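Below is one structure, written out as structure tokens, with a few remarks after it.
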Amino acid sequence: MSFESVFKAAREGDQDAQVAMGYLFYKGDGVTQDRREAARWFGLAADQGNAEAMCNLGHMRAHGAGMRADLEKAMELYTKSAELGYARAMFNLGFMYSDVEGIPQDWEKALYWYTRAADEGNIMALYRVGVINEEGRGKEPDFVKATDCYTRCLDGGYPKAGYRLGMMHLEGRGVPANADKASKFFIKAADMGSEDAMCMLGKMSLSGEGMVKSVNNARKWLQKAAIRGSQEAASILEGMQ
């Protein structure tokens, strides 16, 4: 649809068109970027009960983008959106409760909203459920649940989960220690782009734990990790010179 047709529909009260206008002004896509104007369009859709618009306004409130930062208002908007079934708002609520300074940390509520989002297919939320269960945040550790979450995430193409699974098998947390099995998870995660997994493969190649001992193979993995931003890999490579 052309800008004119979307604009016309938005002015006539079409929620989807109003949300589309909000994105256009938020990103500056074909128009001059104007976060305040984005908030106005999202606000019009939110007033009609649009969950996506509420979530977007919550994000803007949380980050002070185009409007005054207000974490309490952001929480209200995220909650309204989440209660309407919008998965991204559920994830954002979980994140607010688990990670955001200025919001009282509440692992029970974080787990609740991450679980709700995961049930809606949000893979990052599923990963967070795994981390909370593995680390026992606000609850007893549940390694069986964590392993299940990470496995499903890895099957869905989320490399961080493969690194976590590798570390559990390498260190014997909740599963029998098995360096060979750990290396297989690291390789899978590395092939998906995890620099942490690449770094671990480099270190295991140097030590020969779970891998054939090989300086050349270690250097290959460490260089890949360093290129992707791993400071640890860069430091190890420097020491190998």
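Keep in mind that this is a model prediction, so the values were computed, not measured.
Considering all non-hydrogen atoms of both residues, Arg228 and Gly193 come closest at CD-O, 4.0 Å. Between Pro159 and Met192 the shortest heavy-atom distance is CB-CB, 3.6 Å. Scanning all heavy atoms of the two residues, the minimum distance from Met90 to Trp113 falls at O-CB, 3.4 Å. Nearest heavy-atom pair, Glu171 versus Ala177, reported as atom, atom and distance to 0.1 Å: C-CB, 4.5 Å. Here the closest heavy-atom approach between residue Arg35 and residue Ala65 is recorded as NH1-CB, 4.0 Å. Residue Ala179 comes nearest to Met204 through the heavy atom pair O-CE, 3.6 Å, listed as atom of the first residue, atom of the second, then distance.
Asn133 pairs with exactly one of Arg128, Glu140, Lys145, Lys139 by the side-chain hydrogen bond (donor to acceptor under 3.5 Å, both in side chains) rule, that one being Lys139. Of the candidates Glu76, Glu72, Lys73, Arg61 forms a side-chain contact (heavy atoms from CB on, under 4.5 Å) with just one, namely Lys73.
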side-chain contact (heavy atoms from CB on, under 4.5 Å) assessment of Leu206 paired with Lys213 = CA-CA 6 Å; Leu206 281 175; Lys213 191 170 184 177; over 6 Å; no

In sequence, state the C-alpha distance, the side-chain angles, and the governing distance for Glu52 and Tyr23, and then conclude on side chain to side chain donor-acceptor pair (under 3.5 Å).
-> CA-CA 11 Å; Glu52 183 176 2; Tyr23 282 124; 2.6 Å; yes

Applying salt bridge (charged side-chain N to carboxylate O under 4.0 Å, His left out), run through Asp148 and Arg152 and close with a yes or a no.
-> CA-CA 6 Å; Asp148 175 65; Arg152 289 158 59 196; 3.2 Å; yes

Apply salt bridge (charged side-chain N to carboxylate O under 4.0 Å, His left out) to the pair Arg173 and Glu135, showing each step before the final yes or no.
-> CA-CA 10 Å; Arg173 287 202 316 277; Glu135 298 183 351; over 6 Å; no

Take Leu237 and Gln223 through the side-chain contact (heavy atoms from CB on, under 4.5 Å) test and state the conclusion after the steps.
-> CA-CA 7 Å; Leu237 278 171; Gln223 286 173 342; 3.8 Å; yes

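Contact check for Cys55 versus Asn92: side-chain heavy atoms found under the 4.5 Å cut-off. The closest side-chain heavy-atom distance from Leu93 to Thr79 is below 4.5 Å. Under the 4.5 Å side-chain criterion, counting only non-hydrogen atoms from C-beta, Tyr97 is not in contact with Trp107. Here the side chains of Leu44 and Asn50 are not in contact, with every heavy-atom distance at 4.5 Å or above. Contact annotation: the side chain of Leu57 approaches that of Met67 to within less than 4.5 Å [non-hydrogen atoms, C-beta and beyond]. When side chains are defined from C-beta on, Met240 counts as touching Ile236, because their heavy atoms get closer than 4.5 Å. Contact annotation: the side chain of Lys188 approaches that of Leu154 to within less than 4.5 Å [non-hydrogen atoms, C-beta and beyond]. Looking only at side-chain heavy atoms (C-beta outward), Gln48 and Gln18 come within less than 4.5 Å of each other.
Side-chain atoms of Thr147 come within 3.5 Å of backbone N or O of Phe143 as a donor-acceptor pair. Thr115 places a side-chain N or O within 3.5 Å of a backbone atom of Leu111 that can act as its donor or acceptor partner. Side-chain N or O atoms of Gln33 include one that pairs as donor or acceptor with a backbone N or O of Tyr26 at under 3.5 Å. At distances below 3.5 Å, at least one donor-acceptor pair connects side-chain atoms of Ser81 with backbone N or O atoms of Ala51.
Under the 30°/60° scheme for interplanar angles, the aromatic rings of Tyr163 and Phe186 are found to be tilted. Taking the six-membered ring where the residue is Trp, Phe3 and Phe7 present parallel rings, their angle staying beneath 30° rather than reaching 60°. Using the six-membered ring where Trp is involved, Phe91 and Tyr114 have ring planes that are tilted, between 30° and 60° apart. Note on ring orientation: taking the six-membered ring where Trp is involved, the planes of Tyr150 and Tyr127 are tilted (angle from 30° to 60°).
For the atom pair CG of Leu77 and CE of Met75, the computed distance is 11.0 Å after rounding to the nearest 0.5 Å. In this structure, Met21 CE and Phe42 CZ are separated by 10.5 Å, a value rounded to the nearest 0.5 Å. Rounding to the nearest 0.5 angstrom, the gap separating the NZ atom in Lys224 from the OG atom in Ser230 is 14.0 Å. If you take NZ on Lys160 and SG on Cys153, they are separated by 11.0 Å, rounding to the nearest 0.5 Å. Rounding to the nearest 0.5 angstrom, the gap separating the CG atom in Leu165 from the NZ atom in Lys184 is 14.0 Å. Arg219 contributes atom CZ, which lies 11.5 Å from atom OG of Ser205 (distance to the nearest 0.5 angstrom).
Hydrophobic clustering places Leu170 together with Met211 (ILVMFWY residues linked when any side-chain heavy atoms are closer than 4.5 Å, directly or through intermediates). Under the 4.5 Å side-chain heavy-atom criterion for Ile, Leu, Val, Met, Phe, Trp and Tyr, Val19 and Tyr86 are members of distinct hydrophobic clusters. Val100 and Met124 end up in the same hydrophobic cluster when Ile, Leu, Val, Met, Phe, Trp and Tyr side chains are linked at under 4.5 Å. In this structure, Ile132 is a member of the same hydrophobic cluster as Phe95, with clusters built from ILVMFWY side-chain heavy atoms closer than 4.5 Å. The cluster map of Ile, Leu, Val, Met, Phe, Trp and Tyr, joined by side-chain heavy atoms under 4.5 Å apart, puts Leu24 and Trp41 in the same cluster.
We find that Glu120 and Arg88 are not joined by a salt bridge, their nearest charged nitrogen and carboxylate oxygen being 4.0 Å or further apart. Ion pairing between Asp34 and Arg36 fails under the 4.0 Å rule for side-chain N and carboxylate O.
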